[in-house]
2 protein chains.
Amino acid sequence: MTESTAAQRRQPRSRPETLAKRRDILDAAVEIFGSKGFAGGTLQEIADQVGMTHAGILHHFGSKDQLLLEVLSHRDETDVADLEEQHIPGGMALFRHLVRTAFVNAHRAGIVQAYVVLSAESVTDDHPGRVFFQKRYETLRGEVARAFEVVCAERGVAAPDTIELASASILAVMDGLQVQWLLDPAAVDLGRASEFAIEAIVDSVLSPSPSPLA
Amino acid sequence: MTESTAAQRRQPRSRPETLAKRRDILDAAVEIFGSKGFAGGTLQEIADQVGMTHAGILHHFGSKDQLLLEVLSHRDETDVADLEEQHIPGGMALFRHLVRTAFVNAHRAGIVQAYVVLSAESVTDDHPGRVFFQKRYETLRGEVARAFEVVCAERGVAAPDTIELASASILAVMDGLQVQWLLDPAAVDLGRASEFAIEAIVDSVLSPSPSPLA
DNA sequence: GTTAACTTACTATCAAGTAAGTAAGTAACG
DNA sequence: CGTTACTTACTTACTTGATAGTAAGTTAAC
């Protein structure tokens, strides 16, 4: 009946404000999930912050899980720390970029907290963010490893097999320092500590010393 | 009336089995909070695991928050990683101990996960475990810093001002590697990566090199 | 016989998700 | 150009289900 006509009917574009509204919701969700965790934060709280009901949010995102996933991928636009989509500095510039990021992050406690909380929470059973963080770390480790290879090639050093260990370690130390810094900002200098550790690890790859623990 | 007599009445000691039961509950709580988080885990699940109702658990611990706090302090008996109460190896032995711990932890995913999840969750607003983890990191950083000082003294090196940064970094890298390892055990060698990073950081304190990033 | 160690049963609360309705926008068509 | 046809962007109201905590009762140890 109307079927055939309906099929070829125009697709009435979503309103332009809708995109802005979605961004607002995502921003609010980062804040709430960051400050309360995913399990602890509620749609109601997010809705309150954007002046809506929680049903309105479900209208946009379908479910709380889906909202989280979109929050995580949305971050690229917000989080300076991310390398994946940006033009990636190669070689030694990447390590400098990571250090700079740590210094910048020291002024962005909200976003840092969101990532700390959500990444750790993602290791729990059936967490909707788990796959996201698995891929994220895999990608980031790959980027760092490639930077190491480039640097080794530049210096004519044979790329040692410590590169994988070092790549994971650099990301790890940045994350771990964030936890300590969030718990007690006065006790840990996020920027300087990250700088120190990254330098130590890079140095250890480029000019391995005999183990001091032996 | 009976008040005065009751006051001096024997305090009918808790049954010997009670202690064992409490331990069972704490063990189950570690597992549940570890696998679901504190906000995500429920008293019901914990109760199921020890063959009780959730009210029985509240009888022993009073509240969910209190249970968490007891879980966290109970850990000393279970978690090999902890240094606070054990006789602490000093100087270089401490770093060796940390490395050994990392290798051991690679076979204790359950407990590792509990600490990763709970420590990160503790940075959220009004989390009952926050103070615990603040103190814990403060103590651990102190232990590591003291080990650095001892080692520096042994070698006749002036203790550099990088010790604080290094102490936080060593704990950070261990924690951060745990997250990556839990997300993808095949991709990260928890023991070897921890060893590598700790050696790099210790080495960097003992014999500082000019910054490779400069 | 008192108290610890529970259970059962209940309460209060709060969560995500659904259903149905409404107002306003947008396109198609005559 | 304006009516019609339909969609988006919500709201209100509800359902369903779970959760921490409480109160009162029961059993058995000491």
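Residue numbers begin at 1 in each chain, while the letters A, B, ... track the order of the sequences. Being a predicted model, the structure only gives us computed values, none of them experimental.
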Whether Y115(B) and F133(B) hold their rings parallel, tilted or perpendicular, with breakpoints at 30° and 60°: perpendicular

Can you tell me the distance, in whole Å, between the CE atom of M52(A) and the C1' atom of dT8(D)? 12 Å

I'd like to know if R22(A) and E70(A) make a salt bridge, using a cut-off of under 4.0 Å between side-chain N and carboxylate O. yes

I'd like to know if E45(B) and K36(B) make a salt bridge, using a cut-off of under 4.0 Å between side-chain N and carboxylate O. yes

Specify the separation, in whole Å, of atom NE2 of H59(B) and atom P of dA4(C). 8 Å

If I take atom CG in residue D48(B) and atom C1' in nucleotide dA18(D), what distance separates them, rounded to the nearest angstrom? 13 Å

L68(B) atom CG is separated from dT19(D) atom C1', nearest whole Å, by 17 Å

Measure all distances between protein nitrogen or oxygen atoms and nitrogen or oxygen atoms of nucleotides 13-17 of chain C, and list the pairs falling under 3.5 Å.
{"from": "dA16(C)", "atom 1": "OP1", "to": "L43(A)", "atom 2": "N", "distance (Å)": "3.3"}
{"from": "dA16(C)", "atom 1": "OP1", "to": "K64(A)", "atom 2": "NZ", "distance (Å)": "3.4"}
{"from": "dA16(C)", "atom 1": "OP2", "to": "L43(A)", "atom 2": "N", "distance (Å)": "3.3"}
{"from": "dG17(C)", "atom 1": "OP2", "to": "K64(A)", "atom 2": "N", "distance (Å)": "2.9"}
{"from": "dG17(C)", "atom 1": "N7", "to": "H54(A)", "atom 2": "NE2", "distance (Å)": "2.8"}
{"from": "dG17(C)", "atom 1": "O6", "to": "H54(A)", "atom 2": "NE2", "distance (Å)": "3.2"}

Could you tell me the separation between the CZ atom of R22(A) and the P atom of dC10(D), rounded to a whole number of Å? 11 Å

Measuring from E195(A):CD to D189(A):CG, what's the distance to the nearest 0.5 Å? 9.5 Å

Can you find a side-chain donor-acceptor pair between D175(B) and Y137(B) that sits under 3.5 Å? yes

Under a plain distance cut-off of 3.5 Å, with no hydrogens placed, do Q180(B) and D184(B) share a side-chain donor-acceptor pair? no

Rounded to the Å, how far apart are H60(B) NE2 and dA20(D) C1'? 17 Å

